[in-house]
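First listed ligand is number 1; within each ligand, the first listed atom is number 1. Given the structure is predicted, the values throughout are model-derived calculations rather than measurements.
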Amino acid sequence: MKYILVAGARPNFMKVAPLMDAFTRRKSAGDGFAVRLVHTGQHYDRKMSDDFFADLGIPEPDINLAVGSGTHAEQTARVMIAFEQVCQAECPDWVIVVGDVNSTLACSITAKKLGIRVGHVEAGLRSRDMSMPEEINRLCTDAISDALFTTDELASDNLRREGVPESRVHFVGNTMIDTLLRCLDRACARPLPSGLEAKRYAVLTLHRPQNVDDPCVLAGILDAVGVVADRMPVVFPVHPRTAKSLDTLRLHPNLRIAEPLSYLSFLGLVAHSRMVLTDSGGIQEETTVLGVPCLTMRPNTERPITCEIGTNRLVGTDPQRIREAALAVLDNGSRPHRVPEKWDGHAAERIVEILLDGHPVSG
Ligand code: UD1
């Protein structure tokens, strides 16, 4: 058997790392199969890619498609053209994709049309918001996948409702949390940036096109975050997309702008923080496991379990609502929370076991 594992953008790398690790351990134990790691190059800056490979100990990709940035159609098409050649040369039995970025969609379609089985890690998440490119990527990838690995039962239920046969749905847990649990001690041992004290600062991340591409929308959100900055430093590692809109804005003096952080530095920063304000998907899950209050500045989430039992709260992008929610967290702290089932550090092992031993039904 031959497996191709695909990584493309920053949030993919934490999901791919434990899978590579689990495959490698099975190989060392004497199992006969081959794995190739393909990096599409959707993210390519050192701080968005190489630093993550170094922090997470992911081996050098066997192949880098170096597609770079572009419109959605350009980027997706470039990945498809380059990945088709890889599949034709490598003839894998399975292509394993993770998450919901353009590379996920591009590689799953390409593989499926060549008759190669597709496994989707983090299947079944739904925001029901078709204005999000990620929702389109998730729906299309899930519709053609042969094995769908879910992070929680709500995601499995979504797939069942969409008519995916039970035999293809595998509730395995969360590979991103595998990585978090593996790295947490190392991350927390790192010194905090100068001037910061544990639990006396907040962390802000913003990169959704709806929130950052229009400087007026971004200004409204940053103005609302000012209620937190009035009380404590707010560390804001800036995504390259956000940096483009930030130049023109006047910023609160307590907003500490930083370049994108490496995985370990960011994890340590979040773990010691008082609260997080974000529009990211993955950070909603990481804060739930860390027990750090999280305000998600989006109208919806594809990860409702983080609101139902975790520390996450959906606050939208109305500045007044953000202000009220932020003040409530500062005054009242965290509410009771639990870690979702199977977010226990063993999701990747379960996936590799199913792939190598379980023979999910193909169609
Ligand atoms: C992508 C994913 C999004 C994910 C996010 C995490 C899609 C549709 N979106 O969004 O789901 O949450 O990654 O970061 O796949 N850029 C750089 N250096 C890089 C990469 C990008 O400067 O290494 C800049 C480029 O100007 C590029 C812009 O950032 O045009 C956006 O990059 P892109 O990969 O298109 O989307 P993201 O916003 O990063």
Asker: I want to check something: taking the side chain as every heavy atom from C-beta on, are His252 and Asp230 in contact at a cut-off of under 4.5 Å?
Answerer: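 Result yes, sub-4.5 Å side-chain heavy-atom pair found.
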Asker: Look at ligand 1 and say whether Lys47 reaches it with a heavy atom at a distance under 4.0 Å.
Answerer: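 Not so, Lys47 does not reach ligand 1.
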Asker: Which heavy atom in Pro240 sits nearest to a heavy atom in Met48, and how many Å separate them?
Answerer: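 So the two residues come closest at CD-SD, 3.7 Å.
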Asker: Between Leu222 and Ile322, is there a shared hydrophobic cluster once you connect ILVMFWY residues whose side-chain heavy atoms come closer than 4.5 Å?
Answerer: yes
Asker: To which protein heavy atom is atom 2 (C) of ligand 1 closest, and what is the distance rounded to 0.1 Å?
Answerer: Val101 CG1, 3.7 Å
Asker: Among protein heavy atoms, which lies nearest atom 8 (C) of ligand 1, and at what distance?
Answerer: Asn102 OD1, 3.2 Å
Asker: For atom 33 (P) of ligand 1, which protein heavy atom lies nearest, and how many Å away is it?
Answerer: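 I find the closest protein heavy atom is His43 NE2, 4.1 Å.
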Asker: May I ask you to identify the nearest protein heavy atom to atom 25 (C) of ligand 1, giving residue, atom name and distance to one decimal place in Å?
Answerer: Ser69 OG, 3.4 Å
Asker: Hey, is Pro11 touching ligand 1 through its side chain, its backbone, both or neither, going by heavy atoms under 4.0 Å?
Answerer: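 Just the side chain.
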Asker: What protein heavy atom sits nearest atom 17 (C) of ligand 1, and how far off is it?
Answerer: Tyr44 OH, 3.4 Å
Asker: Assess the pair Tyr263 and Phe13: is the distance between their ring centroids shorter than 6.0 Å?
Answerer: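 They do not qualify: ring centres at least 6.0 Å apart.
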Asker: Counting only heavy atoms, tell me which of Gln75, His207, Glu134 gets closest to atom 12 (O) of ligand 1.
Answerer: His207
Asker: Nearest protein heavy-atom contact for atom 24 (C) of ligand 1: which residue, which atom, what distance?
Answerer: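 Nearest neighbour among protein heavy atoms for atom 24 (C) of ligand 1, to 0.1 Å: Pro240 CB, 3.7 Å.
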Asker: Just to verify, which of Arg298, Met297, Met132 counts as forming a side chain to side chain contact (heavy atoms under 4.5 Å, CB included) with Gln210?
Answerer: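 Looking at Arg298, Met297, Met132, the match for Gln210 under the side chain to side chain contact (heavy atoms under 4.5 Å, CB included) is Met132.
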Asker: Drop me the distance from Gln42's CD to Tyr44's OH, to the nearest 0.5 angstrom.
Answerer: 9.5 Å
Asker: When you group the ILVMFWY residues by side-chain heavy-atom contacts below 4.5 Å and let the links chain together, are Ile58 and Met14 in the same group?
Answerer: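 Cluster IDs for Met14 and Ile58 match.
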Asker: Should Asn137 be counted as touching ligand 1, given the test is an N or O pair under 3.5 Å?
Answerer: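 So ligand 1 has no N or O lying under 3.5 Å from an N or O of Asn137.
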Asker: Where the closest heavy atom to atom 37 (P) of ligand 1 is concerned, which of Arg138, His239, Lys244, Gln42 has it?
Answerer: His239
Asker: For atom 18 (N) of ligand 1, find the nearest protein heavy atom and state the residue, atom name and distance (0.1 Å precision).
Answerer: Asp45 OD2, 2.9 Å
Asker: Answer yes or no: does an N/O atom from Arg241 fall short of 3.5 Å to an N/O atom of ligand 1?
Answerer: yes
Asker: Which atom names give the shortest non-hydrogen contact between Val67 and Arg78, and what distance separates them?
Answerer: O-NH1, 2.6 Å
Asker: Does either side chain, that of Arg168 or that of Ser145, offer a donor lying less than 3.5 Å from an acceptor on the other one?
Answerer: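 There is no such pair (donor and acceptor under 3.5 Å, judged by atom type) between the side chains of Arg168 and Ser145.
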